[in-house]
S.K.: 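I'd like to ask some things about the structure below.
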There are 2 protein chains.
Amino acid sequence: MVDTRTKILDIAEGLVQRVGLNAMSYKDISEAVGIRKASIHHHFPKKENLVDGLLERCAVSYGDNYQRIVDGSEKAPDKLRKLAAVFADGLNNNKLCLVGSISTDSNTLQDSSCHILQSTIKNTVSIFAAVFEQGRQEQSLTFTGTDEETAFAFFSLLVGSQIVARSHGGMQLFQRAAEGVISGFER
Amino acid sequence: MVDTRTKILDIAEGLVQRVGLNAMSYKDISEAVGIRKASIHHHFPKKENLVDGLLERCAVSYGDNYQRIVDGSEKAPDKLRKLAAVFADGLNNNKLCLVGSISTDSNTLQDSSCHILQSTIKNTVSIFAAVFEQGRQEQSLTFTGTDEETAFAFFSLLVGSQIVARSHGGMQLFQRAAEGVISGFER
DNA sequence: GAAAGGCAACCTACCAGTAGGTAGGGAGCT
DNA sequence: AGCTCCCTACCTACTGGTAGGTTGCCTTTC
């Protein structure tokens, strides 16, 4: 049995991914978790604490998830495909990447949340960059910018395609857009 | 002197681009426009009417703006650079593309707004696709997918980079990401 | 081993503020 | 007269947040 704090974060994460930060309320969370609204405040006194908690947890879990893919034994293009598959999986469940979703609302964030968001993005781009470094060295990928710049572009593409495809185009267009870009790097 | 309806749309558009749809209220708009909250309801009875109005107007204005670039006499890669510059300009003013911003909140939209959003995306991708068609014919661009798929990917990249870069990386990273992808197509 | 204290977790009940929205009135234009 | 536009005044529902109480488990103490 998972503890309540984790349950709250799980529910909140799903809500943010589906409807966005500012459309999610303590009431929604309390109903889904099955406890009273005031009890959420026991675990997360202010909403900003919840957002911080969400971002801190996703910095670790997303980071680990991406790192596991990057640490694999495949060639770089296949690693990019695996990274894209993570986003495809989210899209399949009508969920956006938490970082992408929260980034859209970044102007309504507290400073503390903003800092965590920034370092999470920075970290994610670093992890992605390792794939492009590998691709450069094993000559399986060609690109003009630096590893970091290209990783930033690839991450942004996944975030953006997920958002746009959820509104129009769906899985098929998302997959083809990702594959088009990846095979573009392969030439 | 512009009419009130237009003023409301102007203010609302800026708010959506800066803080997002669900963080924008009729109170915010009324204060910025300089009329009472109830008066907004005279022009837009329900919030969904406002969103529809916003999307309908942007479908035209964005569409015209993109079309003007596409109709130019430049080679395809330079047209892509001009399209990216539109997004860079928004980023410079801390504003996201309206379509990207609203798409993130698409799960909280009414059906009518959803339909307009979808056709706006479809239309935008079609306009972008013309550049890739031109690039293919004049052999200034190389890519593996179809024109539409590649246009979708490029549009998504701009939307995503804008969102991510606003939170972390800023103009510099946005510009380099866009340039990296464009010069990737040029090879 | 039993009583006593402390604390985490949850509850009910409440607060002020704000959300979107409505009713109805008055001014000015055609 | 009728219409557009904007107003004051108000409504209900919900927002994040607080106060204070109850329960039950874990220590500590005798």
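Proteins get letters first, then strands, A, B, ... in listed order; numbering begins at 1 in each. Just the heavy atoms: all of them, side chains too, but no hydrogens, waters or symmetry mates, feed the values below.
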S.K.: Figure out the NZ/P separation between A:Lys27 and D:dT12, and round it to whole Å.
M.R.: 17 Å
S.K.: Mark yes or no for whether B:Arg136, through its side chain, and B:Thr146, through its backbone, hold a donor-acceptor pair below 3.5 Å.
M.R.: no
S.K.: OP1 or OP2 of C:dT18 versus the side-chain N and O atoms of B:Ser25: is any pair under 4.0 Å?
M.R.: no
S.K.: Distance check: side-chain N/O of B:His42 vs OP1/OP2 of D:dC5, anything under 4.0 Å?
M.R.: yes
S.K.: Considering just the side-chain nitrogens and oxygens of A:Lys7, establish if one lies under 4.0 Å of OP1 or OP2 belonging to C:dC10.
M.R.: no
S.K.: Under 4.0 Å between a side-chain N or O of A:Thr4 and OP1 or OP2 of C:dC10?
M.R.: yes
S.K.: Ignoring the backbone of A:Ala38, work out which of C:dA19, D:dG16, C:dC11 is nearest its side chain.
M.R.: C:dC11
S.K.: Let's see if you can work this out: which of D:dG16, C:dC10, C:dG21 has an atom nearest to the side-chain heavy atoms of A:His43?
M.R.: C:dC10
S.K.: What's the CD1-C1' distance between B:Ile40 and D:dC7, to the nearest Å?
M.R.: 13 Å
S.K.: Answer with yes or no whether the side chains of B:Asp3 and B:Thr6 bring together a donor and an acceptor at under 3.5 Å.
M.R.: yes
S.K.: Could you state the CG-C1' distance from B:Leu15 to C:dG20, rounded to the nearest angstrom?
M.R.: 16 Å
S.K.: Take the protein atom CZ of B:Phe44 and the nucleotide atom P of D:dC6, then report the distance between them rounded to whole Å.
M.R.: 12 Å
S.K.: Rounded to the nearest Å, what distance is computed from the CD1 atom of residue A:Ile35 to the C1' atom of nucleotide C:dA9?
M.R.: 9 Å
S.K.: If you assign B:Lys37 and B:Arg5 each to the DNA chain D nucleotide with the nearest heavy atom, which residue ends up on the more 5' nucleotide?
M.R.: B:Arg5
S.K.: Does any donor atom in the side chain of A:Gln134 or A:Glu138 lie under 3.5 Å from an acceptor atom in the other side chain?
M.R.: yes
S.K.: Within this structure, what is the CD1-to-C1' distance between A:Ile8 and C:dC10, rounded to whole angstrom?
M.R.: 11 Å
S.K.: In this structure, how many angstroms lie between the P atom of D:dC6 and the CZ atom of B:Arg36, rounded?
M.R.: 13 Å
S.K.: What's the NE2-P distance between A:His41 and C:dA9, to the nearest Å?
M.R.: 16 Å
S.K.: Establish, with yes or no, whether the OP1 or OP2 oxygen of D:dC7 is under 4.0 angstrom from a side-chain nitrogen or oxygen of B:Ser39.
M.R.: yes
S.K.: Can you get from A:Ile182 to A:Met171 by hopping between Ile, Leu, Val, Met, Phe, Trp and Tyr side chains that sit under 4.5 Å apart?
M.R.: yes
S.K.: Examine B:Phe185 together with B:Phe132 and report whether their ring centres are nearer than 6.0 Å.
M.R.: yes
